[in-house]
Amino acid sequence: MSEWGSFVDESPPSGGGPPSSPSPSSPSAANHEWGFYEPEPEPQSEPGTGRSPSAAVDTDPVWGVYEPEPGTGPSPSPAVDADPGWGFDAPSAASAPSPPSPPAGVSTPSPEVVASLLTVGETLWAHVDGPVAVLGSGCPVTAVYDGEPDGFSGWRPVTVVDPARLTVRPVPLSLGEPPIGATTSVAELYSDLEPSSATEPFRAAPFPVGQGPDLDAVLSRAVAEERERVRVEAAAAAHRAEAQLNLAKRELAERTELAERHARIREEQAQSEVRRTQQEAVQQVSAAQAQIAAARDQFNQAQQQWQLRTRQAEAERTRMTRELDRAKSAGAQRLVLVGVLAVLAVVLTFVFKGA
């Protein structure tokens, strides 16, 4: 039994002898560290063409070229590149990068929006083809060169020249070879240091049934290790919780002290405000009392003046009444005198006329 345990339904082969090696044609013969590969049955030739599908070996440049193992399938076509490296094919003209197009349901932004987002001197990637360039959003721009176009088309960095006119300048491409010894050559940089061999791939041995340590001991050790790990994690969690509790207590004590200090300050401010208000109230009461006393004095003075004027007016009215009485008596006397004089005049008139 190995470190990986064993299946329940496994049992040692009958006879107590070593496990028999499986036949090369069985699936277990292809066992290795990544599993096994079962070759598909060889398909029949295509009707009407006379060609076997074995000639159409997958040459997808994305996933590389698959070479069937010896004895598991048809041999590849001689026309397929059997490069032991990456197995990528040379890119064809059909696989050349094309100008970007917005996904379905997404419209290309207007030139005004793109111009508002660009800045002078900003470096972007664009699909350049001569004087025409297309940004990643699908908006076309104009590519200008210092001289003639360099003839390189495809995705390349460009520098914004004039955002208002959507004009960019492609960044020049360095085509010169560096001096020998200054850098690593391209051939050495991309060379395969460990070329793959055409030998049979490595295949792991069959599963070692009945060998290895005791499963109960392995499980007991795993349980003990898990318990120890849980105990350590619980102790660490308790230590962290205690540290957080102490920190929370310190923070609470600091906050309480700060709150008490603020409360004392506010209480002192309130007391000083009360004292100031009381002083202001006393001052205002004193000022009001002074104003009331002054008003009372003014009222008393005014009352005395009115009383004096009233007495003077009464005396004047009495004097005028007396003078009026004297005038009335004088007038009555004058009337009586005038009447007497008139009677005397009439009498004298009659006397003189009679004489």
Side-chain angles (χ1 to χ4, degrees), residues 49 51 53-67 76-198:
T49 60
R51 294 185 292 106
S54 61
V57 180
D58 185 11
T59 59
D60 187 2
V62 177
W63 299 100
V65 180
Y66 171 73
E67 296 184 29
S77 173
V80 179
D81 186 10
D83 184 10
W86 293 96
F88 291 163
D89 294 341
S92 59
S95 62
S98 58
S101 58
V106 179
S107 59
T108 303
S110 61
E112 291 79 5
V113 175
V114 176
S116 65
L117 298 177
L118 297 179
T119 57
V120 177
E122 182 181 6
T123 302
L124 306 172
W125 282 89
H127 188 279
V128 182
D129 187 5
V132 179
V134 180
L135 300 179
S137 61
C139 179
V141 294
T142 304
V144 296
Y145 300 85
D146 295 335
E148 293 294 332
D150 51 13
F152 291 95
S153 61
W155 287 100
R156 57 187 298 183
V158 295
T159 303
V160 179
V161 178
D162 189 355
R165 298 183 179 181
L166 296 179
T167 305
V168 297
R169 177 180 288 106
V171 176
L173 301 177
S174 178
L175 304 178
E177 283 288 339
I180 299 176
T183 57
T184 305
S185 63
V186 177
E188 183 181 355
L189 185 63
Y190 290 96
S191 63
D192 191 0
L193 301 180
E194 297 180 359
S196 60
S197 60

Determine whether V158 and V128 satisfy the following criterion, side chain to side chain contact (heavy atoms under 4.5 Å, CB included), listing intermediate values before the conclusion. CA-CA 9 Å; V158 295; V128 182; 3.8 Å; yes

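Annotation: side chain to side chain contact (heavy atoms under 4.5 Å, CB included) contacts of T123 (sequence neighbours excluded): P157, T159.
Contact detail for W155 and G136: the closest heavy-atom pair is CH2-CA, 4.3 Å. Between G130 and Y145, the shortest heavy-atom contact is O-OH, 2.8 Å. Nearest heavy atoms, P163 versus A115: O-CB, 3.2 Å. Minimum heavy-atom separation, C139 to T108: N-CG2, 3.8 Å. Annotation for V171 and R156: closest pair O-NH2, 2.9 Å, computed over non-hydrogen atoms. Across every non-hydrogen atom of L117 and E122, the tightest pair is O-OE1, 4.1 Å.
Within the 4.5 Å cutoff, the side chain of L166 has heavy atoms near those of the L118 side chain. Residues P131 and T142 form no side-chain contact, since every pair of their non-hydrogen atoms from C-beta on lies 4.5 Å or further apart.
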